[in-house]
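To start, the structure under review is shown below, and the notes come after it.
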Protein chains: 4
Amino acid sequence: MPKVGMEDERRRCLIDATMETIHERGYSEVTVAQIARKAGVSSGLALHYFGSKDQLLASTMHHMLRELGNGLRSRLANAHSPRERISAIIVANFEPHQFRDTVIAAWLAFYVQSRTNQSNRRLLRIYSMRLVSNLTVGLCHFMSREDARRVAEGTASMIDGVWLRQALRDKPGDPETAITLVEEYVSFQIEQARQNKKAAALHEAHATPDGSNTQ
Amino acid sequence: MPKVGMEDERRRCLIDATMETIHERGYSEVTVAQIARKAGVSSGLALHYFGSKDQLLASTMHHMLRELGNGLRSRLANAHSPRERISAIIVANFEPHQFRDTVIAAWLAFYVQSRTNQSNRRLLRIYSMRLVSNLTVGLCHFMSREDARRVAEGTASMIDGVWLRQALRDKPGDPETAITLVEEYVSFQIEQARQNKKAAALHEAHATPDGSNTQ
Amino acid sequence: MPKVGMEDERRRCLIDATMETIHERGYSEVTVAQIARKAGVSSGLALHYFGSKDQLLASTMHHMLRELGNGLRSRLANAHSPRERISAIIVANFEPHQFRDTVIAAWLAFYVQSRTNQSNRRLLRIYSMRLVSNLTVGLCHFMSREDARRVAEGTASMIDGVWLRQALRDKPGDPETAITLVEEYVSFQIEQARQNKKAAALHEAHATPDGSNTQ
Amino acid sequence: MPKVGMEDERRRCLIDATMETIHERGYSEVTVAQIARKAGVSSGLALHYFGSKDQLLASTMHHMLRELGNGLRSRLANAHSPRERISAIIVANFEPHQFRDTVIAAWLAFYVQSRTNQSNRRLLRIYSMRLVSNLTVGLCHFMSREDARRVAEGTASMIDGVWLRQALRDKPGDPETAITLVEEYVSFQIEQARQNKKAAALHEAHATPDGSNTQ
DNA sequence: AATGAATGAGTTTTCATTCAT
DNA sequence: GATGAATGAAAACTCATTCAT
């Protein structure tokens with residue numbers, strides 16, 4: 001009994017089923033038949049909607065990136081200072097809906113698999129660069145551009161590392177703890193930058209009390 | 001062209017070929033035939049030595065864990081203070097031989113795949129717990145056990161995250177940069193703990209002006 | 001060219017093809033591809049229906065046992081005396097549809113192969129014990145239980161032996177001749193039992209001239 | 001350490017190992033490696049001695065036929081009457097050395113497999129025809145040639161059937177019981193023939209009291 | 001002579017994809 | 001649109017056979 005407008009729901013349903021199947025069996029063991037069964041449709045229909053297994057997988061990754069992007073965008077909309085923007089980015093990566101085992105499993109699978117899949121790789125790098133770039137812009141308010149880049153990279157590494165380690169845990173992930181861990185790293189770096197600046201200014205004052213600028 | 005006594009060399013050769021094939025094609029696209037071709041042997045021989053594709057993959061993971069463990073052990077042997085031991089653990093994770101694209105690719109593949117493979121999972125968790133435990137022991141010299149645990153987890157996350165992100169880079173990884181990033185995190189945490197302790201002591205002094213130390 | 005509702009016919013077709021392939025090539029040379037080709041389907045479909053080669057072979061044996069059982073049951077339904085029941089059992093084993101080269105070849109293959117296959121062995125023993133038990137019940141009307149057992153075993157041996165020898169013949173088997181051979185054995189045994197009984201009765205009469213019968 | 005005259009022993013050893021392997025795994029599961037391992041030699045040597053797996057199997061069958069033939073010949077040498085010769089043939093088929101599970105298993109395997117192997121088939125038919133022919137010659141002393149053929153065939157069937165059924169039993173076969181079963185069949189047939197002849201003679205006497213012979 | 005490492009042809013099995021219904 | 005029967009290409013795996021040692 002075909003219904004109008006069913007298609008979008010079915011597609012969504014198949015994408016969810018794809019993530020769950022990756023979670024349950026692992027990326028390399030996923031079959032179209034399993035996904036279709038979990039989605040409650042025939043394997044023929046799954047292929048009909050997405051064209052091929054590869055395209056179904058690619059669409060799933062697209063979907064996940066879009067969800068993450070949407071979350072980030074809405075978090076950023078409510079951030080009104082550089083520091084808040086940095087936190088918004090971190091929090092967006094541990095949104096309860098994202099930081100679930102199913103999503104984590106799918107996410108890592110795509111992450112690793114992207115190494116050898118050009119089109120997925122491109123997508124993921126765009127996302128990843130945007131993340132680092134957003135962080136860098138925020139951090140630039142507190143430190144040199146060079147340092148900001150480095151700290152942004154460190155922050156991104158820590159976010160990704162927390163995800164990766166969560167994948168092997170038995171207990172569901174706790175966004176709070178994860179956020180605290182990353183926030184702490186950022187805060188230390190900002191504080192350190194502040195102290196360095198102060199020290200530099202002090203040293204400056206001592207070295208050139210006549211007000212001449214050595215830089 | 002059978003040769004006697006070649007078995008160990010051949011096994012090693014096949015394990016290397018497995019890592020390279022994972023690197024080149026991705027875990028889910030690996031076939032025994034490709035591995036065997038790269039190792040310069042017939043697919044029959046690969047199966048003969050390892051029993052099955054699964055066991056070849058498992059043996060490869062075993063091998064990688066052992067290599068990493070050996071490196072860590074020899075680094076620890078030369079570390080003579082708690083702080084040095086912490087650094088030794090970090091450095092061991094970015095040993096030039098380990099921090100190569102081929103090894104990184106294989107490593108991540110197994111990491112993610114272990115989520116759905118019980119025996120691999122067990123292996124990896126043992127390794128992972130030992131890493132965090134070693135770090136915690138070292139950090140306990142500078143902070144409370146609770147904090148040490150948290151910082152050790154953060155350190156491990158950052159190490160894993162750096163690996164993960166390196167997997168998607170085009171340029172070969174730079175151990176120096178990676179080590180610096182992680183070391184900085186640890187140093188900040190230790191420094192922070194030192195300051196907290198000092199502050200606590202100061203506060204204590206105020207509270208008990210007679211100079212007695214209750215802790 | 002998929003058709004709905006074909007499954008049962010296809011399964012039956014594959015089972016027939018299995019018997020024919022065993023007949024033509026011998027059990028140890030049978031391949032799924034040959035069976036599928038003979039049945040006019042792809043090897044994938046054969047596996048799809050039966051799960052594995054082993055299960056296809058097991059299903060074929062099941063089918064043959066069921067056919068034989070059905071034949072026996074319908075023959076027994078029309079038998080109205082102990083002697084007729086014995087004959088019914090014998091005739092059922094040489095039903096023209098069963099006593100064909102193809103069926104004989106498959107039958108013997110399974111028989112011999114069951115020696116080393118636990119689940120097939122169980123099936124075949126159940127059938128074999130039922131056959132001997134049925135014969136024994138019938139023969140008990142003419143002789144002691146002990147003799148009946150022995151004669152039943154002899155009858156079964158002869159039936160199986162006739163099948164075995166037919167397998168190596170060039171000419172198609174002749175049910176008539178086969179039945180006569182086995183019937184003759186049974187008739188002799190029954191006749192002998194009758195004579196023994198009479199002799200015993202006579203001897204009894206001599207021993208107890210008053211005519212009383214102690215038996 | 002090659003020894004002169006070892007070859008024959010090795011060949012014999014491999015043939016025994018072949019029979020045992022057939023017994024343990026079943027004809028269709030036999031591999032050269034298993035046979036060689038059981039014989040305590042390398043698979044290369046097994047092939048070196050026999051040329052190929054097929055030839056090793058064929059040699060094993062040859063060997064078994066020769067053993068059976070030798071046994072029969074020595075039994076016949078001690079038989080001094082037609083009736084004794086018949087018994088000798090029967091007994092030879094249940095010689096304790098022959099009527100063992102290992103030999104039975106191998107024997108049946110070759111029997112069934114011969115259906116589709118021309119050279120084995122030829123061998124087996126020669127043996128089988130000789131058996132029936134020997135029996136027929138013996139039985140001709142007691143009945144018409146036509147009846148003798150039929151009874152010989154029945155006897156052979158019963159012998160083969162007893163072997164076949166023994167293959168599926170758990171308990172080791174009992175030659176005594178087997179021999180009794182077959183002997184009984186032969187005795188009945190001979191006795192019956194004797195009675196028929198007497199009846200015919202009697203009837204003859206009545207019908208033609210003048211002594212004329214109607215053939 | 002004897003080994004067993006090595007091969008590669010052949011077999012089972014899986015699964016994405018197609019297509020008649 | 002929707003199904004799932006059917007295919008066939010590709011993969012894992014087995015094993016007889018070869019051959020350097």
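Residue numbers begin at 1 in each chain, while the letters A, B, ... track the order of the sequences.
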Separation of F:dC13 atom C1' from B:Ile35 atom CD1, nearest Å, is 14 Å

D:Arg122: partners by side chain to side chain donor-acceptor pair (under 3.5 Å), with sequence neighbours left out
none

If you restrict it to nitrogen or oxygen atoms, what contacts under 3.5 Å exist between nucleotides 8-10 of chain E and the protein, and what is each distance?
none

Salt bridge (charged side-chain N to carboxylate O under 4.0 Å, His left out): which pairs involve residues 23-48 of chain A, sequence neighbours left out?
A:Glu24-A:Lys38

Only counting residues at least two apart or in another chain, list the ones meeting salt bridge (charged side-chain N to carboxylate O under 4.0 Å, His left out) with A:Asp101.
none

Side chain to side chain donor-acceptor pair (under 3.5 Å) with A:Tyr49: which residues, sequence neighbours excluded?
none

Sequence neighbours left out, what passes side-chain contact (heavy atoms from CB on, under 4.5 Å) with C:Asn70? Give chain and number order.
C:Arg66, C:Arg73

A:Ser28: what forms a side-chain contact (heavy atoms from CB on, under 4.5 Å) with it, not counting sequence neighbours?
B:Tyr27, B:Ser28

Got a list of side-chain donor-acceptor pairs under 3.5 Å for residues 57-65 of chain D, not counting sequence neighbours?
{"from": "D:Ser59", "atom 1": "OG", "to": "D:Gln55", "atom 2": "O", "distance (Å)": "2.8"}
{"from": "D:Thr60", "atom 1": "OG1", "to": "D:Leu56", "atom 2": "O", "distance (Å)": "2.8"}
{"from": "D:His62", "atom 1": "ND1", "to": "D:Ala58", "atom 2": "O", "distance (Å)": "3.4"}

Judged by each residue's nearest nucleotide on DNA chain E, which is more toward the 5′ side, A:Val30 or B:Val41?
B:Val41

May I ask you to list the residues of residues 47-61 of chain D, by number, that have any heavy atom positioned under 4.0 Å from an atom of DNA chain F?
D:Leu47, D:Ser52, D:Lys53

My understanding is that only residues two or more places apart in sequence, or in another chain, count here; which of them pass side chain to side chain donor-acceptor pair (under 3.5 Å) with D:Ser42?
none

Rounded to the nearest Å, what distance is computed from the CG atom of residue A:Leu14 to the P atom of nucleotide F:dT3?
10 Å

Rounded to the nearest 0.5 Å, what's the gap from CE on D:Met19 to CD1 on D:Ile104? Could you check?
12.5 Å

Residues in side chain to side chain donor-acceptor pair (under 3.5 Å) contact with D:Ser119, at least two apart in sequence or another chain:
D:Asn117

Is B:Arg10 close enough to E:dA6 that one of its side-chain N or O atoms is under 4.0 Å from OP1 or OP2 there?
yes

Mind calculating the distance between OH (A:Tyr27) and P (E:dC15) to the nearest angstrom?
15 Å

Judged by atom type as modelled, is there a donor-acceptor pair below 3.5 Å linking the side chain of A:Arg121 to the main-chain atoms of B:Leu168?
yes

Protein-nucleotide distance (A:Glu29, atom CD; E:dT14, atom C1'), rounded to Å:
11 Å

Residue whose nearest DNA chain E nucleotide is more 5′ - B:Gly40 or C:Gln34:
B:Gly40

Each base of DNA chain E marked ( ) or [ ] if paired in-strand (Watson-Crick or G-U under 3.5 Å), | if paired to another strand and . if unpaired gives .||||||||||||||||||||

